[in-house]
Amino acid sequence: MDFGDPLDLARRAGGALLLIATLVALALWLAGLGPRMLTLVGFLWAFYGFYYAVMDGLLVPFVDGVTGLLENAGLRRAAGGLSEIEALVERGEYAAAAEAYGQAASGELRVNALVRRASLLASHLDSPGQAALELEAARQDHKLTPDDELRVGAALAHLYEGPLHDPGRAMTELRRLIDLYPAARNIRRLRRELDELREARFGSK
């Protein structure tokens, strides 16, 4: 069970407290302390459902949405200097774009260019194995920041899950990232992806 996500911890703790309060009120009603305890049971049970509805239906999607906006803003900032390469992609010159991304990523590693090259290799150039090898090599040869480690690891997991058809390795990679960075801002999405893979493979989370 993961307790690294503060929002998930709040969800579990709040729900547990409300459930305990409901059980206490029910016990007091059974002990003969009057119909008010039964009314309190009904109120607490309704509030228990409302609490989970707010957390799962409103707060979690809101936090995920804000996180996505922040990540996209970060990607746009990190893409500075790659606009000419993006123009090659728009024109369908995928091999030239992949080569240019590789040059941009060389030397002092630029993870943004590396991940974009891997995406081109895996899709338009039909070389997902090469993409995975390059991502693995970059992780082994460079000391990555947590954000870069998460980006490279997530890209690897998506390669394993998709074009490489290896959901077992995808789950292993996602599990590794979650264990390493349980409080990272985008880790909730990786947890959901891991749960979906487990459900697809084993039929239950």
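Sequential numbering from 1 along the given sequence is applied to the chain's residues. Only a predicted model underlies this, so the values are computations on that prediction, with no experimental measurement involved.
- Scanning both residues, Pro163 and Ala122, for their nearest heavy atoms gives CG-CB, 4.3 Å.
- Atom CZ in Arg188 sits 12.0 Å away from atom CD1 in Ile178 (nearest 0.5 Å).
- Without hydrogens or angle criteria, Thr145 side chain to Asp148 main chain gives a donor-acceptor distance under 3.5 Å.
- The residues Arg191 and Asp195 are annotated as not salt-bridged, no charged nitrogen and carboxylate oxygen being separated by less than 4.0 angstrom.
- The residues Arg169 and Glu161 are annotated as not salt-bridged, no charged nitrogen and carboxylate oxygen being separated by less than 4.0 angstrom.
- Among all heavy-atom pairs drawn from Arg139 and Leu144, the shortest one is CA-CD1, 4.1 Å.
- Every pair passing salt bridge (charged side-chain N to carboxylate O under 4.0 Å, His left out) that includes a residue from residues 120-134 is listed here, sequence neighbours excluded: Arg117-Glu134.
- Residues forming a side-chain contact (heavy atoms from CB on, under 4.5 Å) with Ala87 (at least two apart in sequence, or on another chain): Arg91.
- To the nearest 0.5 Å, atom CG of residue Leu174 and atom CD1 of residue Ile187 are 8.5 Å apart.
- The two residues Ala113 and Ala104 come nearest to each other via the heavy atoms CB-CB, 3.9 Å.
- At least one donor-acceptor pair under 3.5 Å links the side chain of Ser127 to the backbone N or O of Leu125.
- For Leu164 against Gly129, the heavy-atom pair with the smallest separation is CD2-N, 3.8 Å.
- Shown here for Leu159 and Ala132, the closest heavy-atom pair between the two residues is CD1-N, 3.7 Å.
- Note that CD of Glu99 and CD1 of Ile85 are 10.0 Å apart. Values are rounded to the nearest 0.5 Å.
- Using a 4.5 Å heavy-atom threshold, the side chains of Glu136 and Leu133 count as separate.
- Of the options Glu149, His142, Arg151, a side chain to side chain contact (heavy atoms under 4.5 Å, CB included) to Val111 is made by Arg151 and by none of the others.
- Atom CD in Glu86 sits 8.0 Å away from atom CD in Glu90 (nearest 0.5 Å).
- Between Arg176 and Tyr181, the closest side-chain pair of non-hydrogen atoms is not below 4.5 Å.
- Under the 4.5 Å side-chain criterion, counting only non-hydrogen atoms from C-beta, Leu197 is not in contact with Arg201.
- Counting heavy atoms from C-beta on, the side chains of Arg198 and Glu193 never come closer than 4.5 Å.
- Proximity of Tyr101 to Val89: side-chain heavy atoms (C-beta onward) are separated by under 4.5 Å at one or more points.
- A donor-acceptor pair under 3.5 Å is formed between the side chain of Ser123 and the backbone N or O of Ser119.
- Minimum heavy-atom separation, Ala97 to Leu120: CB-CD1, 3.7 Å.
- In terms of the ring-ring contact (aromatic ring centres under 6.0 Å, His included) criterion, residue partners of His124 (sequence neighbours excluded) are, by chain and number, Tyr94.
- Expressed to the nearest 0.5 Å, how far CG of Leu190 lies from CG of Leu177 amounts to 6.0 Å.
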